[in-house]
Each structure stands twice: as structure tokens, then as C-alpha cells.
Student: 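Have a look at this one before I ask anything.
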There are 2 protein chains.
Amino acid sequence: MPSSSKARKPDISLSNCGYSKVLDIISNKWTALVIYAMENGKIRYGEVLRRVEGISKKMLTQTVRKLERDGLVQRHITPTVPPSVEYSLTPLGETLLQPMKELRQWGRVNYDQVVESRASYDSAYATDSRGADSMNEI
Amino acid sequence: MPSSSKARKPDISLSNCGYSKVLDIISNKWTALVIYAMENGKIRYGEVLRRVEGISKKMLTQTVRKLERDGLVQRHITPTVPPSVEYSLTPLGETLLQPMKELRQWGRVNYDQVVESRASYDSAYATDSRGADSMNEI
DNA sequence: CGGAATCCTCTCTGATACTG
DNA sequence: CAGTATCAGAGAGGATTCCG
């Protein structure tokens, strides 16, 4: 066996990392919010549009299509007039809900610390190129 | 409380969602991989560069700076010649490691199903010969 | 060794308007 | 109601070069 003290080859890569694969699925701006809108069962397109603040029809459609393609969401079409389309999580989609909730929980608990850290970092590395001591804004 | 049968106001928004906040931190392409490089303790800049396959110096610096600003990573400078810089997770960063691992685990277990789903979706909706999709694996 | 600065491309996202 | 189509802007990411 090589007992060389160095010689380490790359062992962390995008293609072998499960986390990166998940990011490929849920790192979009709206994906998580849309999934949350479905966590209590079937919900109509327009209802999601109303419940998820700020999302546009274009982005909702795009998000929901991708989730459907990935097998996380199902589409139920009722060909009435006007048409009614409902969405719900697939069993696979439900399994994703759990780890997502844990990450969400982390955010709820710790995000304030992150915000604080950013503030102190920014004041330490004072982007302020001239005011050497205090903040002489305006 | 209003017992009206409808009238639901948006209750899912980017600003109140802990998950979206976390995405703000770790949804970048390299962030997770860089964090994984540090999960066993202090590691030098160049060592991260070698271990994380495909990352450039620019992206590593950018990623690590953001993590430092967010309070998830610490920088240890040893002013030798040439300089030596080591990085490690902060206690806050370590707490993030856990939920990330669960998501990574989900990816390891379920990503194949997602890939399958994509394939069947694409063949079902086969828009002429437009397979100009994303090829991830090699 | 560990960056910073520059340039450039490509994807994501948003606004707007039209349709079955 | 549930989309589609089109255009435009912002920013993430990459390649290259230079520096203490």
C-alpha cells in the first residue's frame, strides 16, 4: 500500500455527491414553496398561485412541470369547462418532504445567527472605502 | 377568526420560509462540496482545491468567503512564506452538516428514481426529437 | 501559496401579452 | 381556469491573467 504522505486524488465531485443531485432538483427559487403548498394533499393550480406569495403563472407552471418530470408531483386533470387541474405529491415526493423540513427547521433556528455574522463581517471588512472610522452616510 | 369558506391569503412566502433562507446559504453549486471537504477538521486552501474536483480558484475563494461571511466557516492564517491558510467549520457550520447529510442520503437513495422518471416523462411527451436536455452523468 | 481583477457566457427569473 | 409565448435583465459560474 502506498504509504506516501501526500498524493490525494479528488474524492469530492459533483457527480458522486448525493447532495448535489438533490440540489439539481430543489435548488430553484420556488420549488420548495410549491412543494409545501402540496404537503396537505391535492391542490389546484390557481390555489397554489394564490398561496405562494409572489410567484407568477409562468414560474409556477415551470416549477410544477419540472417536479412532475422528476416524479415528485402528480397532475390530475378534470376536463370540465373551465378545466380544473390539481397537483399532489407522489410517494417519492413525500419522502423528500422530511429532509426538507429538517433543513427548514435549521433555517428557522439559525438564520438569525447567519444574519448577525454577515453584519459583523461587513462592518469588520468595512467596504466603506473612505469613512475610516464611523459611518458618515448620506 | 373568519370562518369564511374561501378568502385565503398568501401564507407561503420566500421571506417567511426557513428553507428558502437555507437555500440562500447553500444552494450554490460548490458550497456543499466545500463544506464536505471540511467535515473532518482543518484543511488548507490548496488541499480543498485538489479534493473538490473541477473547482477553480476563483470559485473556491468566492465560496469560502461567503461561508466565512455567513459564519459557517473559519479562516486560520499562518503568515509563513509562502503563506498558509486553513479553513474549518465553525460550531454553527457543524450544526448544518447534519441536515445536509440527510438530504445527501435522500439523493443517494432516490436519485435513480428521479432519473428514471425523467426518462419516461421525456419519452412520453417526446416533442419531436428535442432531447436537448441536460446530461449529468458521464 | 493563496488569492484578486477582468471579461464573458449562459441560465434563471420576471413582466407582459395571448389562448383553449 | 390553466396555461403558452416572447422579450429583457440580473446574476451565477467559468477562463484567464496578474500579484504579495
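Naming convention: chains lettered A, B, ... in sequence-line order (proteins, then strands); numbering from 1 in each chain. Just so it is clear, the structure is predicted and the values come from calculations on it, not from any experiment. Hydrogens, waters and symmetry mates play no part in the numbers below; they use all other heavy atoms, side chains included.
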Student: With sequence neighbours left out, what residues match A:Thr78 under side-chain contact (heavy atoms from CB on, under 4.5 Å)?
Tutor: A:Thr80, A:Ser84

Student: Tell me: CZ of A:Arg50 to C1' of D:dA2, nearest whole Å?
Tutor: 12 Å

Student: With the sugar-phosphate defined as primed atoms, P, OP1 and OP2, and the base as all remaining atoms, what B/S/- string results for nucleotides 13-20 of chain C, 5' to 3', for protein heavy atoms under 4.0 Å?
Tutor: BBB----B

Student: Does B:Glu39 have any side-chain hydrogen bond (donor to acceptor under 3.5 Å, both in side chains) partners at least two apart in sequence or in another chain, and if so, which?
Tutor: B:Lys101

Student: By side-chain hydrogen bond (donor to acceptor under 3.5 Å, both in side chains), which residues pair with A:Ser88, not counting sequence neighbours?
Tutor: A:His76

Student: What integer distance in Å separates A:Glu86:CD from D:dG3:P?
Tutor: 12 Å

Student: Which parts of residues 65-77 of chain B get close to DNA chain C, meaning a heavy atom less than 4.0 angstrom away?
Tutor: B:Arg65, B:Arg75

Student: Once side-chain hydrogen bond (donor to acceptor under 3.5 Å, both in side chains) is applied, do any residues pair with A:Arg118, and if so which ones, sequence neighbours excluded?
Tutor: A:Tyr111, B:Asp24, B:Asp70

Student: Report the residues that fulfil side-chain contact (heavy atoms from CB on, under 4.5 Å) with B:Arg65, sequence neighbours left out, ordered by chain and then residue number.
Tutor: A:Tyr121, B:Thr61, B:Glu68, B:Arg75, B:Tyr87

Student: Between A:Arg44 and D:dC1, is there a contact of a side-chain N or O with OP1 or OP2 at under 4.0 Å?
Tutor: no

Student: Work out how much the helix from C:dC1-D:dG20 to C:dG20-D:dC1 bends between its end axes, five pairs an end, to the nearest 10 degrees.
Tutor: 50°

Student: Flag the pair B:Lys66 / B:Gln62 as yes when at least one side-chain heavy-atom distance between them is below 4.5 Å, and no otherwise.
Tutor: no

Student: Going by side-chain hydrogen bond (donor to acceptor under 3.5 Å, both in side chains), name the residues that satisfy it together with A:Ser20, two or more places apart in sequence or in a different chain.
Tutor: none

Student: Would you kindly give the CG-to-P distance between B:Leu23 and D:dG11, to the nearest whole Å?
Tutor: 18 Å

Student: Show your reasoning for whether side chain to side chain contact (heavy atoms under 4.5 Å, CB included) applies to B:Val34 and B:Ile55.
Tutor: CA-CA 9 Å; B:Val34 170; B:Ile55 196 170; 4.0 Å; yes

Student: Taking salt bridge (charged side-chain N to carboxylate O under 4.0 Å, His left out) as the cut-off, I'd like each qualifying pair that reaches into residues 76-92 of chain B, sequence neighbours left out, listed once.
Tutor: B:Lys42-B:Glu86

Student: A:Asp24 CG to D:dA12 P: how many Å, rounded?
Tutor: 18 Å

Student: Which part of the nucleic acid does B:Thr80 contact within heavy-atom distance under 4.0 Å: base, sugar-phosphate only, or nothing?
Tutor: nothing

Student: Counting just side-chain N and O atoms, does A:Tyr45 come under 4.0 Å of either OP1 or OP2 of D:dT4?
Tutor: no

Student: Between B:Leu49 (CG) and D:dG14 (P), how many Å, whole number?
Tutor: 13 Å

Student: If the condition is salt bridge (Lys or Arg N to Asp or Glu O under 4.0 Å), which residues does B:Arg104 pass it with, not counting sequence neighbours?
Tutor: none

Student: Going by side-chain contact (heavy atoms from CB on, under 4.5 Å), name the residues that satisfy it together with A:Thr90, two or more places apart in sequence or in a different chain.
Tutor: A:Gln74, A:Leu92

